[in-house]
Amino acid sequence: MNLHAALSALVVCQVAAPALALVAIGLPALVGRAPSEPFTRRVVGSGFGVAFVAALITLATLAARGFRPEEVHLGSWFSVGHHEATIDLVADALSVPYVCFSTGLCLLVNLFAGKYLHREPGFTRFFLLLALFGVGMNLMVLAGSIDVLFAGWEFVGISSTLLIGFFLERGNATRAALRAFTTYRICDVGLLAASVVIHRAVGSGDFERLFGIDWPNGRCLVPATTATIISLLLVFAALGKTAQVPFSGWLPRAMEGPTPSSAIFYGALSIHAGAYVLLRCEALLENAPLAKALLIVIGTWTALHASFVGKVQTDLKSVLAYASMTQASLILVEIGLGWRVIPLIHVVGHAIVRSLQILRSPSALHDRHELEAALGGHPGPGGLWPVSLLPASWQQAIYRVALERGYEEMLIGRLVVGPVLRLLDRAAIAEKRWNRWLSGDSSRGSR
Amino acid sequence: MNPLPGFATPRDWLLAAAAVTVAAPLLGGGLAAVGVAARAPRRLAVVTAGIALTATLVMVAAWHLSDGTPVGFGETLGDGRLVFIDGLTTALLPYVALISMAILLVAPRRALDPASVRRALLGLAATCAVFLTSHPWALVVLWVATAQSTWRATRVFPGGRPAARVYAIYMSLACVCMAAGTFMLVADPPWSRSSGLTGTAGGWLVAVAVMIRKGIVPFHSWHPALFSGAPMSTALSAAMPQIGAYTAVRLLVGHADGVAVELEVLAIFGLLTAVYGAALSLVQRDLRSFIGTFSMSQSAIILAGLSGRLPMELNGAFCIWISSGLAITGIGLVTWALESRAGDISLETLQGRFWDAPALAAFFLLFGLAAIGLPGTLSFVADDLIVSGSLDDHLSAGLMVIGSTVLGGIAVMRCWFHVFGGPSPVDSPRHAILRREQVPLTILIGMLFGLGLWPGPLVQALERAAEGVLRTTPTHAASAHPGPHAAAQDGSLPAPETPDSSPPAP
């Protein structure tokens with residue numbers, strides 16, 4: 001077996017291993033024979049473990065040859081006329097370290113959740129969704145074409161939604177899940193449209209036809225106008241998953257899900273999916289100053305927004321959610337500034353710290369008591385917050401704005417969502433009335 | 001060359017299988033009418049539908065063994081034959097038979113009395129017959145037969161009279177337009193050189209008939225009404241085979257040069273319906289209304305694709321035809337199973353049904369995701385083809401398809417969370433899924449994911465079918481109207497041209 005074939009097998013393994021675990025757990029569950037807790041945990045853990053080892057070997061091999069990218073063409077998914085959807089994966093200096101990091105985190109969360117969710121009614125469901133997330137994340141990270149990236153992106157979105165609504169009996173959880181899904185779905189328009197534009201521009205979804213895959217030194221192979229359009233669409237897609245203003249309202253509510261999934265999704269991986277896609281397409285962004293400027297503006301705005309709003313939150317998970325939002329925004333600003341390696345390091349560092357904080361959040365009081373016991377008293381006030389230097393009336397105004405989450409949600413609700421839903425509601429009522437008139441049904445009632 | 005030495009030719013197999021496909025449910029319906037198997041109506045229904053399904057699979061096999069020449073039999077009118085089998089027929093008939101089989105298997109016991117079985121089997125025979133003909137007058141007669149069957153089943157359903165009346169009004173109008181339009185089209189085909197006003201009016205009347213039959217805005221309101229007021233089996237059997245779309249393919253799409261404006265208008269209204277239906281499904285307050293509006297949206301996307309000029313769009317439309325049909329049938333059947341346990345299901349508050357029926361929740365979710373284009377399902381492939389094809393034609397068309405997909409996705413998840421989320425109702429028992437529900441639902445899901453992960457063979461077969469349909473245009477544009485009753489000499493139609501238009505190798 002030559003090196004290319006061996007690397008291809010390793011890359012495929014990073015997606016196939018969690019996928020097999022998903023099938024091994026999902027099929028019996030679908031026919032009503034949900035596997036036992038230890039079996040579920042071990043199968044999913046083995047899937048991530050195999051993928052992690054494969055990713056480490058791939059990383060070592062790539063490092064040994066100076067991170068020369070390896071493209072893996074798995075053939076055509078389907079083709080009609082000039083339109084072809086290809087299954088291409090790529091192992092390079094961006095994707096392989098990221099897979100090591102993401103699969104390693106999934107493996108750790110798998111271990112943590114095995115204990116944390118013991119005897120929880122949705123135990124199997126959680127691990128199924130975790131495996132689906134792992135498949136989606138690895139597909140997205142290793143994608144060598146926009147079609148594969150979109151597939152991974154969607155898997156991440158749907159697993160995220162279902163995990164936010166994991167505790168189905170809680171009304172708030174289901175509402176939060178629906179809110180997150182709505183945001184994702186609206187922003188997915190960007191990725192879907194970008195996919196279509198890419199297909200029209202280069203005849204297929206392959207990244208190698210769009211920009212040379214030599215991260216971080218890729219070269220844009222399409223005209224600047226096309227690069228700008230694609231970049232703007234990708235930025236729009238990234239805004240949803242990265243919870244940027246005006247699409248940030250779902251993130252604090254997403255903490256309704258189980259703690260392990262909150263840690264891996266909104267502290268570590270899902271929240272950075274948008275940043276990863278932008279880093280992957282950095283060569284396009286380089287030729288799209290408008291998209292970069294937009295990233296800087298939105299990122300800065302969201303960082304300020306999240307920083308202020310996070311300060312007035314009264315529960316730990318919300319504080320951590322806004323802290324995640326702040327850091328994710330700063331990462332987008334860094335990408336907008338044209339940096340490549342720094343945002344990647346920022347992503348990894350932030351993800352590790354934040355997922356640890358979220359995983360420990362249920363024990364926060366216990367940790368606090370231990371800290372106080374070790375210090376022999378209260379650790380004292382935090383650092384100086386610049387707002388405290390402002391006049392009291394200003395402080396109150398800022399406090400009120402922060403408490404209302406910058407009025408962002410209220411404005412969107414009043415100006416966009418409310419009117420649209422009212423209009424649709426009226427249309428639905430008119431439809432019913434028309435049918436009642438046609439059918440000669442004289443019964444009253446608005447619906 | 002005969003690929004089955006010692007047996008009849010593939011053409012004979014095709015015709016024999018076609019005959020069985022129609023005769024089996026006809027016979028089953030007759031037996032149910034005279035009281036045979038009155039104590040086991042489900043067995044009679046399932047065996048009959050099973051024979052029909054097997055016959056369609058034989059037809060698929062025979063088609064692939066044949067040289068790809070469309071097979072015609074019986075009277076000819078224009079370019080229509082009384083029995084006509086081509087790639088489209090062999091792709092769609094198994095789908096029609098499969099969803100009928102699934103409906104009969106999942107149907108609750110109280111919905112399968114001998115009279116219902118009779119109506120269902122006769123309806124199946126008529127629907128299969130539609131897909132086996134391209135003869136304009138046969139289509140008109142079968143339109144009336146299938147509509148009448150649906151109307152009767154809705155009318156006798158408790159509380160179904162208002163929906164039956166709405167359905168009757170719309171379908172009467174549709175049948176009148178169809179008959180008048182067909183008469184005019186046959187008398188003066190708009191694709192012939194000497195065509196006049198009559199042919200043009202005929203094209204428009206058939207287009208309007210198709211819009212009504214498919215539930216396209218502004219003729220759509222029967223569609224949600226039928227899902228709300230008819231038995232689920234009746235609504236699914238009436239809406240999912242897409243008889244209107246099939247008629248559009250045979251009478252309009254094949255003659256795109258002569259009816260270009262009509263097709264353009266159909267596409268515009270199809271797209272509007274796709275977006276409007278998806279948007280309406282966001283605010284529905286009960287599960288059946290949701291299915292009605294959502295399926296209206298999905299079905300309209302088919303028409304938008306059919307009206308395109310590219311094989312890719314047509315291919316995408318055929319893919320959506322199958323994928324959305326399987327997925328919505330699945331959603332409908334899960335809904336029916338839930339209703340048989342819990343009664344009508346509201347979407348105004350969280351219903352907490354997950355804890356009663358977790359397996360049904362899983363199936364509903366999978367069918368819902370398969371309907372909204374989850375990667376790995378057939379609808380993802382279909383959406384991809386239709387969006388790319390539409391964008392090649394018109395940017396706004398592609399954006400509207402994307403818009404309807406996005407809105408439909410939100411509506412499906414809203415519906416899932418409202419039905420299955422929330423605290424469990426007090427003292428609700430936990431209902432295990434029945435074997436007769438689980439098997440067909442698993443097969444439908446398996447097909448949606450199997451064809452999504454490995455779409456190549458289906459997409460290629462549909463591409464050949466699309467090219468076959470589009471290839472009809474120049475033939476007819478070039479030749480004068482051959483006149484009615486011009487029977488072919490050997491019963492076969494001209495072979496399609498060979499594959500210079502097949503897709504380039506990847």
Side-chain angles (χ1 to χ4, degrees), chain A residues 29-32 75-86 121 125 139 147-148 150-155 158 161-162 165 168-171 173-175 177-178 181-182 185-186 188-189 192-193 195-197 199-200 420-421 423-425 427-428 431-432 434-436 438-441 447, chain B residues 161-163 165-166 169 221 224-225 276 279-280 282-285 310-312 315 350 352 354-355 359 362-363 365 369 374-376 380-381 384-385 387-389 391-392 398-399 402-403 405-406 409-410 413-414 417-418 420-424 432-433 438 442 445 455-456 459 463 503-504 506:
Chain A
L30 191 65
V31 297
S76 168
W77 188 3
F78 59 90
S79 66
V80 175
H82 65 271
H83 180 80
E84 185 184 13
T86 50
R125 189 157 40 100
L139 261 184
D147 305 307
V148 178
F150 183 74
W153 180 269
E154 287 291 290
F155 288 153
I158 196 71
T161 302
L162 293 172
L168 278 164
E169 68 277 13
R170 296 184 197 161
T174 53
R175 278 185 283 275
L178 194 56
F181 184 78
T182 305
R185 198 75 185 166
I186 290 169
D188 284 353
V189 171
L192 200 56
S195 164
V196 174
V197 175
H199 274 278
R200 278 169 70 91
V420 169
L421 286 181
L423 188 67
L424 290 174
D425 220 30
E431 296 270 346
K432 299 258 178 193
W434 167 248
N435 272 349
R436 267 209 304 276
L438 276 183
S439 66
D441 182 4
R447 302 298 297 258
Chain B
R161 277 184 176 246
R165 185 170 163 158
V166 173
I169 291 170
S221 66
Y276 181 63
L280 269 189
L282 281 170
V283 294
Q284 295 305 311
R285 300 190 179 182
L310 300 171
M312 195 199 306
N315 197 335
L350 302 177
F354 182 84
W355 311 103
F363 276 115
L365 180 65
L369 294 176
L374 181 77
F380 177 72
V381 177
D384 191 48
L385 288 176
V387 168
S388 303
L391 283 178
D392 274 355
L399 293 178
I402 292 177
T405 310
V406 167
I410 297 169
M413 289 309 287
R414 168 186 175 264
F417 278 117
H418 277 242
F420 296 103
S424 175
I433 189 168
Q438 193 177 36
T442 308
I445 278 292
V459 167
E463 189 179 20

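Predicted, not measured: the structure shown is a model, and the values here were computed from it.
Considering all non-hydrogen atoms of both residues, G165(A) and F417(B) come closest at CA-CE2, 4.2 Å. E463(B) and S79(A) make their closest contact through OE1-O, 4.4 Å (heavy atoms, listed as atom of the first residue, atom of the second, distance). Of all heavy-atom pairs between A428(A) and Q284(B), the closest is CB-NE2, 4.1 Å. In terms of heavy atoms, P162(B) sits closest to S439(A) at O-CB, 3.3 Å.
Listed for the R185(A) side chain is a donor-acceptor partner under 3.5 Å among the backbone atoms of T405(B). Remark: the backbone N or O of S221(B) is paired with a side-chain donor or acceptor of N435(A) at under 3.5 angstrom. Side-chain N or O atoms of R414(B) include none that pairs as donor or acceptor with a backbone N or O of L178(A) at under 3.5 Å.
Shown here are the side-chain contact (heavy atoms from CB on, under 4.5 Å) partners of R170(A), two or more places apart in sequence or in another chain: F167(A), A173(A), E256(A). Applying the ring pair (Phe, Tyr, Trp, His ring centres under 6.0 Å) test to F380(B) and every residue at least two apart in sequence or in another chain returns W77(A), F150(A).
With respect to chain B, the highest number of heavy-atom pairs below 4.5 Å among D188(A), I186(A), I158(A), D147(A) belongs to I158(A). Highest contact tally toward chain B, considering only L162(A), V420(A), T161(A), is held by L162(A) [criterion: heavy-atom pairs under 4.5 Å]. With chain A as partner, the option from D384(B), I169(B), L365(B) having the largest number of non-hydrogen pairs under 4.5 angstrom is D384(B). Taking L30(A), V189(A), L421(A), L192(A) one by one and counting their heavy-atom pairs under 4.5 Å with chain B, the maximum is reached by L30(A). Ranked by non-hydrogen atom pairs under 4.5 Å with chain A, the options A225(B), A359(B), A362(B), A279(B) are led by A279(B). Ranked by heavy-atom pairs under 4.5 Å with chain B, the list L168(A), T174(A), T182(A) is led by L168(A). No other option in L350(B), V406(B), V166(B) has as many heavy-atom pairs under 4.5 Å with chain A as V406(B). Looking only at heavy-atom pairs under 4.5 Å with chain A, the residue among T442(B), V381(B), N315(B) that has the most is V381(B).
Neither the backbone nor the side chain of T86(A) comes within less than 4.5 Å of any heavy atom in chain B. Contacts of L369(B) with chain A are made by side-chain atoms alone, with heavy-atom separations under 4.5 Å and no backbone atom involved. L423(A) does not touch chain B: none of its heavy atoms, backbone or side chain, sits under 4.5 Å away. In this structure, the portion of L282(B) lying under 4.5 Å from any heavy atom of chain A is its side chain and not its backbone. With a 4.5 Å cut-off on non-hydrogen atoms, F354(B) touches chain A through its side chain but not through its backbone. Proximity to chain A (any heavy atom under 4.5 Å) is restricted, for V459(B), to the side chain, taken from C-beta onward. Contact of V31(A) with chain B is made through backbone and side chain together, with heavy-atom distances under 4.5 Å.
The distance from atom CG of L424(A) to atom OH of Y276(B), rounded to the nearest 0.5 Å, is 8.0 Å.
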